[in-house]
Amino acid sequence: MQKQYDFKKQELKWQRFWEKEGLYKFSPQKAGKVFSVDTDPPTLSGKMHLGHVSSYTHEDIIARYRRMKGENVYFPFGVDNNGLPTEKLVESINSVTLFEVGRKNFVQLCQKTISKILPEFVFGWKRIGASCDFSNIYSTISPEAQKISQQRFLELFKQGRIYQKESPTLFCPACQTAIAQAELEDKEEQTVFNDIYFGLEDGGKIVISTTRPELLASCVAVFVHPQDKRHKNLIGKTAIVPLFGQKVEILADDKVDKEKGSGIVMCCTFGDAADLDWYFKYKLPLRISITRPGELNELAGEFKGFSSKIARKMILEKLREKGLLVSQKAISHSVNVHERCGTEIEILPTKQWFIKYLDLKKQFLAQSDKLNWHPQYMKVRLDNWIKGLRWDWCVSRQRYFGIPIPVWRCKKCGKIITPSMKALPVDPLHSSPGKKCGCGSSEFIPETDVLDTWATSSLSPQIALSLIKDKKAREKMFPMSLRPQAHDIINFWLFYTLARSYLHYEKIPWRDVFISGHVLDSKGEKMSKSKGNAVDPETILEKYGADAVRYWAGKAGMGDDFRFSEEEIRQGKRTATKIWNASRFALMHLENYSLKNEDSRYLEDEDKWIFAKLNKAVKEYIVKMDNYQYPRAIEMADSFFWKDFCDNYLEIVKSRVYEPKNKETLRAARFTIYKIILGTLKLYAPFMPFVTEEVYQDYFRKTEKAKSIHLTLLPLIDKKLVFPSVANDFEQVIDAIAQIRKYKSEHRLSMKAEVESISIKAKNKAKIKKYLPLISKLMSVGKIE
RNA sequence: GGACGAUUAGCUCAGUUGGUUAGAGCGCUUCGUUUACAUCGAAGAGGCCGCAGGUUCGAGCCCUGCAUCGUCCACCA
């Protein structure tokens, strides 16, 4: 063993070793109950971030623990490289826009770019010691994933759960696609609240307030509050929209806020979600004046062709000229923007594909009940979301790099034609149904929309399991054992997966759900690129090593967000060093020792005591780990290793190994050291896989046989080595030592200083008597009373 | 506005079904070159357990109300 533990060199070495040996390769034939993890495929981006480090450390701790419990762990790895985020990444890496290169070339460029950047991206996960089966990585855009996704789409189509409908949809004018409610983000924006005169048909005028005067051409009604005395007389009258002249009815609805502006509001198709509600509720006419790219159309007359921003200025100018602009007030309000690009969204009627599922709320809630939630209170979030669902699931996107919706439409009769399951995956743009339509026509219009990313990632269990070739084994593995994920996507990924699983199989997708939190900066604020407070994992890994960073992550409990703490990482590094140092000392005394079980016959009381301590620690460790309370488990390991073993046992046993009274006591000490060190390493192995492997390989591998510490089983202590009453009595020795240390400390003495006599308090004097010589020798005390 | 969570030592957090003097790590103070480790060891200081009521022989833990913070959802002309 070297003198210093060089984590950088060693971590890389063991990572390569694990990979080369295929340590974490899954095979259904291996022994043990299968424990399968529906891992969260990270969205492909240039680099892993600290959130990935922490969430994968949590999963990995669980996976490694289960492996050491003798379970056959399936811990797959995938990347989410489907859809808009990947498009954006590819555009920025190659400095092109998809409009420049065209759809077909762009899709190819995406594939090419992905395979180029993937290895480096994945290396991040290997580096932190994730024990995934990297020999077989899945991708959410692979032909296999496409096949699975299209297959399930067609299944639902046949069940009558897929329909296409023209409907007002959330639409991003910059990305040119429909987006989901989940993709919305709030953004605080400075804007101007304008009071504008509307005419009345019977003469007179009213003032309405709006932040979006560019939508005047789309105005279809004016609303007041039914209990608003000021405006009660207006109800039922007709107003005339300035500049555009359309006549609109004045209606009453209690959604109107009397306090806001003049208390009179215009309703446009569509300014926001409230307009949408009114449109349906009062069956208002449809007046669309904004095109998909976010420009005004012919309905806006002279403003046609201008972007909504410019048109807003022009319209305000015109209103001002005509004396129709009463007043303006700068306000700050929050608007809905697309999370990917920050563009304000529009609501536009477009034709989209939906999965019908609003009728299944009850069933979904029942599925949620069947899951084992960790922590339990997170369940409420899902349940509230399910109860509050208002729309069916819009699964179509007007994008390019995604999984194509596998349908054609007959040019003649309009019937929807689907491919055969065997033909999947298909891209309708580049293939044909291969059969005639029922009406005899063989001309088809291909569907150009692709599926929403969630429509595919909701099938992650199916995609992950598709890597297992043995069909019988694969089917036995569903439902999977565990879904680990963060709390922010409970309403999306977790919900959608649960929903799909019910729609297709009427089963829950997994038994356990484990929810983790987000990494915050050291002040407790959210990390984000824009704030510039994001910590780069690479710097931190360079500085402290993966074991240390994992130690920090392992201290974060379920559900809660937790802070980045360099202090805690330093503590992790100290722990790794301590493990290495204690092992170095121990192994020094184990040279030329070969473990013999009969040595346990000569165990001294301190040996029995430390075995009892380890036994207790292991038992509690297992309880905590089984409940996903790994921060409590690592505390068990810490306090056993640091306090009981290093500070007390090793100090006591030193005299025995340096100057043994006889062979037997030396052998017993060596036996104990061997067992305890190995046991300690095993407790730490899920948390600090590198340093524990280093020590294991250095000494224990030749006797323990297992190729790696990560293939060994938990240190369950042989009952024959546990003597509770002896251990209990010996506890008094520890207590006495503490008292003597305190005395010396208070008298500013070195621990080595000789003391003539001392009196200590003991609970049971009779039982401590036989230990007095031991204590007096150990603590350099002449006489103890 | 609705839901959920949090509030315990200077900081980050434990505290099991209510039961003696409330714990850990870090930080701080003092001491110690003890043959694995100064990346160490020993000792110490430091807490009206957010506030106010209630239940109980007994409350950090149970109940009610309030306050503050956080998260998610809704609203956002």
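Remember, it's a predicted structure, so these values are computed and weren't measured experimentally. To find a chain, count down the sequence lines: A is the first, B the second, and so on, and within it residues start at 1.
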Could you work out which one of [options] sits closest to the side chain of [X]?
X	options	answer
A:Val380	B:U71, B:A3, B:C76	B:A3
A:Gln571	B:U34, B:C26, B:C76	B:C26
A:Asp647	B:A42, B:C40, B:C73	B:A42
A:Arg390	B:C76, B:C75, B:C40	B:C75
A:Arg632	B:C13, B:C76, B:G41	B:C13
A:Asn336	B:C76, B:G5, B:C40	B:C76
A:Arg748	B:A42, B:A14, B:C31	B:C31
A:Arg574	B:C76, B:C26, B:C37	B:C26

For atom C1', what is the distance between B:G15 and B:A22, given to the nearest Å? 8 Å
P spacing across the pair B:G47 / B:U8, given as an integer number of angstrom: 15 Å
Select base, sugar-phosphate, or nothing to describe what [X] touches, counting heavy atoms under 4.0 Å on all strands.
X	answer
A:Lys643	sugar-phosphate
A:Thr577	base
A:Asn491	sugar-phosphate
A:Lys752	sugar-phosphate

Does the pair A:Lys281/A:Asp253 count as a salt bridge with the N-to-O cut at 4.0 Å? yes
Are A:Asp607 and A:Arg656 close enough for a salt bridge, meaning some N to O gap below 4.0 Å? yes
Any side-chain N or O of [X] less than 4.0 Å from the OP1 or OP2 oxygen of [N]?
X	N	value
A:Lys777	B:U34	no
A:Lys742	B:G44	yes
A:Trp642	B:G41	yes
A:Arg563	B:U12	yes

Can any side-chain N or O of A:Trp385 pair as donor or acceptor with the backbone N or O of A:Asn491 at less than 3.5 Å? yes
NZ (A:Lys313) with more than 12 external heavy atoms under 6.0 Å: no
Side chain to side chain contact (heavy atoms under 4.5 Å, CB included) with A:Tyr684: which of A:Val691, A:Asp638, A:Asp547? A:Asp638
Whom does B:C13 pair with, Watson-Crick or G-U wobble, provided both distances fall under 3.5 Å? B:G23
